[in-house]
Q: 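Handing you this structure, nothing more for now.
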Amino acid sequence: MKKKVVVIGGGLAGSLICNELVKSSDVFLLEIGEKNTIRYPQVNFINKKFAEVNTFCFGGGGTTNLWHNGLIPINKEDITCKEFSEVLAEAQGYIDQAASALYFNNKSFSLEYTNLLSGMNLIAKKMSVFEDGIDCLIYPKKFKKLSVDFRVNDFYSVNNIDFVAEDRRIKTVNYSIGNEKYSIDADIVIVSAGTLGSPKILNKIISTMGLCFNNLGTGFIDHPMGFVGKVKFKKEFANLIKKLALYQKAEYVCRNAVRIKSECRHYTCCVFFRPALTMDNRLSIYKYKSSIGASQGLARLKNMFSLKILHPDIIAEIFSHIFGFNIPSRTYNILLIAEQKRGTNRIYYDGDDLKADWSITEEEISIYRDILQKLKTMLSGISDELDIETGITEDWLWSAAHHSGTTPLGHSDDDIIEKDLKLKFCDNVFVCDGSVIQEHSYANTGLTIGSLAMRLAERVCR
């Protein structure tokens, strides 16, 4: 008899897990959103908003609906958490499988990525300034929202999920759709409700088991990001920077980032060079550019009805996205993607109200200022003009929507999941989504989530 597997959450991790497990198991997907409909939940921000546009949604595919499908692994050299470093090392073996499921059509992502890294770092060495190296972010030109296999028993608009426990297992998953109540007797339960959603589900499981973990949801991290300056490169370096900024092949576009490591405290950030036509370094223009890039549908159309869209740098950015190459120029925006470490930031629920207590600490701001000063020193010898906001404040930074870190992993009493992503106190419940990512340097989290999903699916099959 096939195992009954209940997957809670139909985002990137949940969809991939369902599609793998349905080959050998009876899979039931429970999703809070409507099928093929994006609904933005109300998030009550205690301190800083994530961004001016929505970075979180419900619906078939979850936040995968909003994802631009940038593929980049987390560099293990940047990770200080021993347990999570070991998890990443094991997930490395599933990168090609995950990349293929995320629409990278070449035979081997890892081989292509390694070759790209080698080539881009050779280019960087010719300038002798980027001492921490280059990294590559790959965008397949053809991709779409993830959907689940037709063999999956998928249920949408689900609410009131609760559980029945027996010994060290979840025996039954109860849920409602509208006024109707349903139950599934489960052999395996996998929580993939996302960094913002999984803490609520896990708290219900913990309560059902008669336990209490006060720190669940604490440790929320994101990538503070923002445009922080302009640079006009010297003529002799223009072609090299052009290759670093944007590299194209038939199947994908590669945007390359300059890695910058802090002198202490083990933070690794990066910067991308984005096309520009002016040295105008205004925060209002940067925020407008970000709002266009991050918004979707009617929200994007509404954002476009502004005179700011006629700014030359906005036109250059739109041109780059639509046609896939940069307007010839030696002038570039500097886009910073900054690392956060797990701390006191947290996600929690007051009843059904989702609350996000997110901020960028003064210590982090200090680290980012040091990193930008290091960047300024790097660029000073290869640029004709340079304007970097080295005295950055949190106003210059907003969320990159790589929400992570709300489910603690490790060996301490405060950690609730083990390296195989199983709950310590429950023998048949696993967690797999962005919430289990304990550190992410500057990397988009999608490929790592996909690799963790493939790794977990194989283990559940065994």
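Note: hydrogens, waters and symmetry copies are ignored here, and every other heavy atom, side chains too, is used.
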Q: Answer whether the closest heavy-atom distance between the side chains of T278 and K230 falls below 4.5 Å.
A: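 When only atoms from C-beta onward are counted, K230 and T278 do touch, with a gap below 4.5 Å.
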
Q: Indicate the ring-plane relationship of F130 and F273, choosing parallel, tilted or perpendicular according to the 30° and 60° boundaries.
A: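 F130 and F273: tilted rings.
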
Q: Would you check, one step at a time, whether the test salt bridge (Lys or Arg N to Asp or Glu O under 4.0 Å) holds for E251 with K141?
A: CA-CA 6 Å; E251 306 89 357; K141 288 184 177 179; over 6 Å; no

Q: So which heavy atom on I382 is nearest to which on M127, and how close?
A: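 Heavy-atom minimum between the residues: CD1-SD, 4.2 Å.
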
Q: Kindly assign one of parallel, tilted or perpendicular to the pair Y247 and Y252, based on the angle between their ring planes and the thresholds 30° and 60°.
A: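 Aromatic pair Y247/Y252 classed tilted.
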
Q: Take E90 and K419 through the test salt bridge (Lys or Arg N to Asp or Glu O under 4.0 Å) and record every step on the way to the result.
A: CA-CA 10 Å; E90 289 189 18; K419 289 190 294 183; 5.8 Å; no

Q: Are S441 and N75 linked by a side-chain donor-acceptor pair shorter than 3.5 Å?
A: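 No donor-acceptor contact under 3.5 Å links the two side chains.
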
Q: Using the ring-ring contact (aromatic ring centres under 6.0 Å, His included) rule, pick out the option among F45, F56, W398 that qualifies with F50.
A: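 So, applying the ring-ring contact (aromatic ring centres under 6.0 Å, His included) to F50 and each of F45, F56, W398, only F45 qualifies.
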
Q: Please find the pair of heavy atoms, one from S383 and one from L386, that lie closest to each other, and give the distance.
A: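 Between these two residues, the closest heavy atoms are OG-CB, 3.9 Å.
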
Q: Among side-chain atoms of N215 and T218, is any donor-acceptor pair under 3.5 angstrom?
A: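 No, T218 and N215 have no side-chain donor paired with an acceptor closer than 3.5 Å.
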
Q: Give the minimum heavy-atom separation between A276 and S329, together with the two atoms involved.
A: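 Scanning both residues, the minimum pair turns out to be O-OG, 2.9 Å.
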
Q: Side chains of S435 and D433: do they bring a donor and an acceptor to under 3.5 Å?
A: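 A pair is found: one side chain offers a donor N or O, the other an acceptor, under 3.5 Å apart.
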
Q: Side chains of K48 and S359: donor-acceptor distance under 3.5 Å anywhere?
A: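 The criterion, which ignores hydrogens and geometry beyond distance, is not satisfied for S359 and K48.
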
Q: With the threshold set at 4.0 Å, does a side-chain nitrogen-carboxylate oxygen contact exist between K200 and D352?
A: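 Yes, charged N to carboxylate O under 4.0 Å.
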
Q: Which atom names give the shortest non-hydrogen contact between K374 and D132, and what distance separates them?
A: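 Looks like NZ-OD2, 2.8 Å.
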
Q: Angle class for the H223/H402 ring planes (parallel below 30°, perpendicular above 60°, tilted otherwise)?
A: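 Geometry flag for H402 against H223: perpendicular rings.
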
Q: May I ask you to check whether N203 and Y349 show a side-chain donor-acceptor distance below 3.5 Å?
A: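 Checked: N203/Y349 side chains show no N/O donor-acceptor pair below 3.5 Å.
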
Q: Can we say K23 and E20 salt-bridge, meaning some charged N sits less than 4.0 Å from an Asp/Glu carboxylate O?
A: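 Looking at E20 together with K23, the answer is yes, because their closest N to O distance falls below 4.0 Å.
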
Q: Could you walk me through whether D420 and R459 pass salt bridge (Lys or Arg N to Asp or Glu O under 4.0 Å), step by step?
A: CA-CA 8 Å; D420 61 359; R459 291 180 178 217; 5.4 Å; no

Q: Where is the tightest heavy-atom contact between F143 and H68, given as atom of each residue plus distance?
A: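 Heavy atoms of F143 and H68 come nearest at CZ-O, 3.5 Å.
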
